[in-house]
Enquirer: 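Please see the structure below; I have some questions.
All chains are named by letter (A, B, ...) in the order of the sequence lines, taking the proteins before the strands, and each is independently numbered beginning at 1. Predicted model only: the values in this text are computed from it and were never measured.
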2 protein chains.
Amino acid sequence: MPTLRIALAQVNSTVGDIPGNVAAVRRWSQEAAAAGAHLVAFPEMMLTGYPIEDLVFRNSFVDASRQALATLAADLAADGLGELAVVVGYVDADGPPAISSDAVPGVGRRDASALLHRGAVVATYYKHHLPNYGVFDEDRYFEPGDTLTVVRLGGVDVALTVCEDIWQAGGPFTAARRAGVGLVVNINASPYELNKDDVRLALVQRRAVEAGATVAFVNMVGGQDELVFDGDSMIVSASGELLARTGQFTEELLVHDLSLPAAPTSAATAAAAALAALAEDPAVVPSDGMAIQRTTIDSDIADVSDTRDGGVAERIEDEAEIWSALVLGLRDYVDKNRFRSVVLGLSGGIDSAVVAAIAVDALGPERVTGVSLPSGFSSGHSKDDAADLAKRTGLDYRVEPIQPMVDAFLANMSLSGLAVENLQARVRGVILMALSNQDGHLVLTTGNKSELAVGYSTLYGDSVGGFNPLKDVPKTMVWNLARWRNTQGDAPIPENSITKEPSAELRPDQKDSDSLPDYAILDPIIKGYVDHDLGRDELIAAGNDAALVDRTLRMIDLAEYKRRQSAPGTKISGKAFGRDRRLPITNLFREGR
Amino acid sequence: MPTLRIALAQVNSTVGDIPGNVAAVRRWSQEAAAAGAHLVAFPEMMLTGYPIEDLVFRNSFVDASRQALATLAADLAADGLGELAVVVGYVDADGPPAISSDAVPGVGRRDASALLHRGAVVATYYKHHLPNYGVFDEDRYFEPGDTLTVVRLGGVDVALTVCEDIWQAGGPFTAARRAGVGLVVNINASPYELNKDDVRLALVQRRAVEAGATVAFVNMVGGQDELVFDGDSMIVSASGELLARTGQFTEELLVHDLSLPAAPTSAATAAAAALAALAEDPAVVPSDGMAIQRTTIDSDIADVSDTRDGGVAERIEDEAEIWSALVLGLRDYVDKNRFRSVVLGLSGGIDSAVVAAIAVDALGPERVTGVSLPSGFSSGHSKDDAADLAKRTGLDYRVEPIQPMVDAFLANMSLSGLAVENLQARVRGVILMALSNQDGHLVLTTGNKSELAVGYSTLYGDSVGGFNPLKDVPKTMVWNLARWRNTQGDAPIPENSITKEPSAELRPDQKDSDSLPDYAILDPIIKGYVDHDLGRDELIAAGNDAALVDRTLRMIDLAEYKRRQSAPGTKISGKAFGRDRRLPITNLFREGR
C-alpha cells in the first residue's frame, strides 16, 4: 500500500481578507512541505473566510476569489511548492464573471474546493449538501454540486468533499464508496458548540465506514463575528478508528502518515474495472445521485524516510472549552475588525469581572480599560471588588462617578421609578461611549444570557457596547467559569464577586432575587424555551414548577418587547438598514480603496 | 358556463394572534356571504400571520394553528356560513403533533391552504415553491408539497396554490393546465416594494395564460415588523385580461362574478377523460413533478340574481405609494405591539418633520409627542421650525434643552472633537428613553437611508429608538415625500424645513455638505452598491464619477464598523441573543399566560 503523508492545516482565515488568507496558505504550505507532506488540506472557504453571507452576491468579490485561486497556484509553484498537492476552499461561480445585478440570489455561486499542483488548478469540487438551518443559510447563497471529484495522487484515489457533505447520509460519501477511493478529504467551517467535538468524532467514524475509506477532516479555527470555529481536525480510518486529532481553539498543522490502498491499475481485476465502469455509466443514475469525475496527477510521491504520527490530543473539560471559545471569539472580533483596545464598566459583580478576565486573557491587560461607575446606590464592596479585580489583572483602571450627570437629568426632568433606575444605566452607557470615541476603544457589554432572556437589563444602558462575550452564557455557567478560571494559575476574579448575592444596585438594597427566580431554577427553563423551543406543557412535564414556568415564560415573552424597541423600520426596497440582516458585511473586503 | 361569485378578502392578520386572526376570518366571511359570494379566499398564513419565522419550530404553536383551523370550520357552519367555501392559509405539519425538539428544523412543517365547507376541512394544499431569497427564508422553515389540490365546486374545478407558486415557472400552474381546471386560487403574503404592483400584474397574466385558467390572486395587507403588505389583489382571465383589482394598503373585500368553464362530467368527451386519466396515472411522472388530488364538494351553488363587478382600482403615484406604506408600517408596528403612543425628537430638519407627519397620519396627533432638544449650537430657525411643525400637525409638543446635561458630562470628563459632537446626540437619546420609560411611548428614530448607509449618525444617539420609518428611504426621496405630502390637503411640513440646507448642528455652522457629497450624487451610488451589489468598476461604468465612487464606497464600508459596535457576542449554544436573528418572535403568541 502506498504511504501518503497528509497535513491538515487547522488555521484561521478572515472574511473578506483575501490577500491575508492567501498569504496564510502560502506560509502553512511551506511548513507542510518542510514536514515532508505530500498533500496539505486547508479549511472550507479558506481564501474568502466563512461565512461570507451577502458578499457572495457581489460579482467583484466572487471574481476576486477565483482570481486569487489561479494566482495562488502559480505562486505556490514559484515558492518551490509545486510538488505539494494543496487542497483549499474558495467561492466559485459558473461561467464567466457576468452575473447580472438582478439575478436571483444564489444562482451559479458555488462553495468550492480545489486541488492545486505544479502551478495549476488540477481539480475542483462543488459542495453537494448545503446546510440551511441554525447559523447556516447556504440554500440562499449557493447552488449544490452533483459531481464527486476524485484525484489519483501517488497511486491513491482521493475524493474531495466539503463540510456538510459529511453531516448528511447519501451523496458524496456514498459516491466515494462507489468510486472505490482510498481517502476522502473533507474541508470544514464547522462552528463550535458546547460538546460538539463528541458529535463530530462519531459522525466522521460513521461516514468513514460508509465510504469504506480513510477520512481526513480539517476544520477552521478562529472567531468570526458571533461564530467561533474550534478546529478539532481529525483522521479516521476506513474501519472507524481514530488515527490522529488536533486540539481545539489553536492554529496547528497536523502531519500524519497514512498507508492507503492503491487505486486499481491495469493489473486490477476485471470485476473491479467493470464495477467502476458501471458506476460511471452516464445512463445509470446511482442512488446517491452523483456523477464521478476522475483526474490523475502526474506526481512523484517522494518516499518518506522517517514516520510521522499526528497523535490524538486529549479532550478538555467543559469550562475550559467554553473559556477558550469566549477568549478566541473576543480576540478575533477585536483584531479582525482592527480595534486597538476595549473598555468596559466594572460594577464589582460577577458578570463584569468574568468579562474583564476574558478580555485580559484575550488581549493582555494593556489593551483593556475597566471603569468603575459608582452611583449613590453603589455599595462599598462594589467599588472595592472592582479595584481588587483591576489589581489582580493589571488592566487600566479608572473611576467615573455618575451622580453629577444623573443629577443634571433629574434636575431638568420629572422622572420616577423605573425611569430613574434606567437613567443611571444610560448615563454609564454615555460615559463608556464617550471614552470609546475619545480613545478608540471598543465597548464590551457584560449582560449574561439569563438576564438578556428575561429582559433584566436597560436598553441603551448596560446593553450599550459592540461585543458581549456572555450573550450566550447562562448565569449559572458564569459562576462555574469564574470558579474554574480561578483554579488556573493566577486567580483574576475576586472571591467576593463570586460569592456575593447579585444586584443591579439601581435603587437602595436592590437584589436580583427581588425580580427573578433563583438562577438555578431559571436557567433550565430558559434553555428549554429558548434553545429547544419547548412549550409550557413540555416544560412542566420535564419537571419544572408550573407557576415558575408561567412566570418565566411571561418574562421572556415580554423581554421581546425590549428587543422590539431597537432598530427596525419599514422596508420599501430590496435592502435596508437597522434590523435588516442582509447588510453588506464587508469586513476587510474594501472596494473603495 | 357556471357563474361563481368570488370574494377576495384583502385583510390584515397579525403574527401570533391566532384568536384575533380567526375572528377576522369569521367577520369577513359574514360579509362575503352577505354579498352572495360562493367562495371567499383569505391570504397566505391568515390564521398565524406572516412571517412566523422561528415560531414554526414550536410544536405548541403549530398545534395551535391546526386546532384553530378545525375549530374555525365548525364555527363558520355555526355562524350559518356552511355553504360558503372558505379558502384560508395556515401552518400545518405532517402526522400527529410529535416533532421532537431536536429534529432538523423545517422537517414536516407546511405552508398550507385549506378549503372549508359545511363545517369540515374539505381539502388542503401544501405550497410547492418555497422562496429563499430577499426577505424569505422558507427553505429553512417548510417542506415543499408535491400534490396539486383540485376541488370541484358548483361544477367548476378550482385549484389551490400559495404565493411563490405563481412566481416560478413549472409546478402547480403547469399541473393546473394538465388538470384542466377553470380557476386557480393563489393566496399570498407578498411584501410591498416600490413598483412591485407592475411586476405582479404581468406575472399573474403570464401564469393565467400558462394555466389556461382564470387566476384569483389575493394578498395580505398591513405592516408586520419591517415588512409591509400592500394588497393589490386581482383577478385575471385565462386569456390574460385583468378583470378586477383592489387598491393598495387598505383592507377590502373584492367581489366579482366569474363565468367559468364547467368541469367535464359523464357527458364529457372520451378524449378529455382519457387525457385526465393519463394526467393522473401514478406511473407517469409529469414534467411539473406534481401529483393531482381531486375532491368534489356536494354544494348547491345559488343562482345570483344581480351581477357584481369588482372593478379595477387606479394605480397611485410613487410618492403616494411610499407614503401609504410608511404610514401603514408604522401604525401596525405600534398597534400590533400594543404601544399606546410614540415620541420623537424634532430638530426642525426635514427628516424629523417627515417622520412626525407620517406618525400623525398613522396614529393621530394625540398619540404623537414631539420634543425639541436644543443645544447651544441649535439655530433659531431650528426651534422655530420644530414649533411650526407642532402647530401645523397638532401633536403634543415639549422643549427639553440639553445643555445642562451636556455640561455635566463635560465638567466631569475630558472630551474633545467628535466625542463632544456625539455626546449631544446621546444626551438627546437618554432624554427620549426617559420619556419613553416615564410615559410608555415608543421612541421613533429619524435617520434616513443615505445617512445610515454612510454612517452619518451617532450610535446610541440619534440611532436610539424602536422604529424608524425612514430607514429604507434615501434622502432625495425624503424631500420628494415632503413636497408631495404638502400638496395633499393640509401642509403639515414647514416649507423652511424642506428648503434649508441640511445640518446636524453638533458644532458651529456645521453642514452635511462639509462631510458628504451632494445627496443627488450620493443616492444613486448607494442604490447601486447597497441595493444592487454593484462593484466599483460597474458603478463607474454606469456614469458615476470615479473619485466620488471611491469616496462613497469607503464611507459605506467604514459605516459597517459603526454597525459592528452594537450587539454581537460569541455563540456557544444553538440560540443566543443580541445580533442573533433567530429569536423567538412571539408577538401576541404568549404561552405564559
Side-chain angles (χ1 to χ4, degrees), chain A residues 57-58 60 101 105 132-133 139-140 194 225-226 228 325-326 329 337 404-405 408-409 412 415 418-419 422-423 426 430 433-434 437-438 452 460 464 466 468 471-472 530-533 535-536 550 553-554 557 560 564-565 568-579 581 586 590-592, chain B residues 57-58 60 101 105 132-133 139-140 194 225-226 228 325-326 329 337 404-405 408-409 412 415 418-419 422-423 426 430 433-434 437-438 452 460 464 466 468 471-472 530-536 550 553-554 557 564-565 568-579 581 586 590-592:
Chain A
F57 299 138
R58 293 197 177 273
S60 49
S101 60
N132 203 64
Y133 53 83
D139 280 349
R140 171 180 292 268
L194 183 55
D225 301 332
E226 65 172 8
V228 61
L326 300 178
N337 284 306
M405 296 77 143
F409 284 94
N412 288 280
L415 301 177
L418 197 63
N422 285 334
L423 174 63
R426 291 190 184 116
V430 173
M433 286 307 299
N437 284 161
Q438 195 66 39
L452 295 174
Y460 306 123
V464 160
N468 178 1
K471 81 160 181 175
D472 197 22
V530 175
D531 291 355
H532 296 301
D533 291 312
R536 175 184 181 276
D550 284 341
L553 265 48
R554 185 167 170 76
D557 287 343
E560 176 60 24
R564 274 166 186 267
Q565 289 184 56
T570 296
K571 192 182 266 220
I572 63 164
S573 77
K575 292 187 184 175
F577 296 92
R579 196 185 243 191
R581 66 195 162 74
T586 46
R590 304 247 167 274
E591 296 208 76
Chain B
F57 299 138
R58 292 196 178 275
S60 48
S101 60
N132 203 63
Y133 53 83
D139 280 349
R140 170 179 292 267
L194 184 55
D225 301 332
E226 67 173 7
V228 61
L326 300 178
N337 283 307
M405 296 76 142
F409 284 95
N412 288 281
L415 301 177
L418 198 61
N422 285 334
L423 173 63
R426 291 191 184 116
V430 172
M433 286 307 298
N437 284 160
Q438 196 67 37
L452 294 175
Y460 307 122
V464 160
N468 179 2
K471 82 160 180 175
D472 197 23
V530 175
D531 291 355
H532 297 300
D533 292 311
L534 298 183
R536 175 183 182 277
D550 284 340
L553 265 47
R554 184 168 171 77
D557 288 343
R564 275 167 186 266
Q565 289 183 57
T570 297
K571 193 183 267 218
I572 62 164
S573 77
K575 292 186 184 174
F577 296 92
R579 197 184 241 190
R581 66 196 161 75
T586 47
R590 303 249 168 274
E591 295 208 76

Enquirer: Looking only at side chains, do A/Asn437 and B/Asn422 share a donor and an acceptor under 3.5 Å apart?
Expert: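 Yes, a side-chain donor-acceptor pair sits under 3.5 Å.
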Enquirer: Out of A/Leu423, A/Leu418, A/Val430, which one racks up the most heavy-atom pairs below 4.5 Å with chain B?
Expert: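 Maximum pair count with chain B is reached by A/Val430.
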Enquirer: Please give me the minimum heavy-atom distance between B/Ser60 and A/Gly535, naming the atom from each residue.
Expert: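 Looking at all heavy atoms of both residues, the shortest contact is OG-CA, 4.0 Å.
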Enquirer: So, for B/Ala408 and A/Pro404, which heavy atoms are closest and what is the spacing to 0.1 Å?
Expert: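 Shortest heavy-atom contact: CB-O, 4.0 Å.
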Enquirer: CZ/A/Arg140 to CG/B/Asn132 distance, rounded to the nearest 0.5 angstrom?
Expert: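 Spacing of CZ (A/Arg140) from CG (B/Asn132) equals 5.5 Å.
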Enquirer: Would you name the heavy atoms of A/Met405 and B/Asn412 that are closest together and state the gap between them?
Expert: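 So the minimum-distance heavy-atom pair works out to CE-CB, 3.7 Å.
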Enquirer: For the residue pair A/Ala419 and B/Ala434, what are the closest heavy atoms and their distance?
Expert: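 For A/Ala419 and B/Ala434, the tightest heavy-atom pair comes out as CB-O, 4.1 Å.
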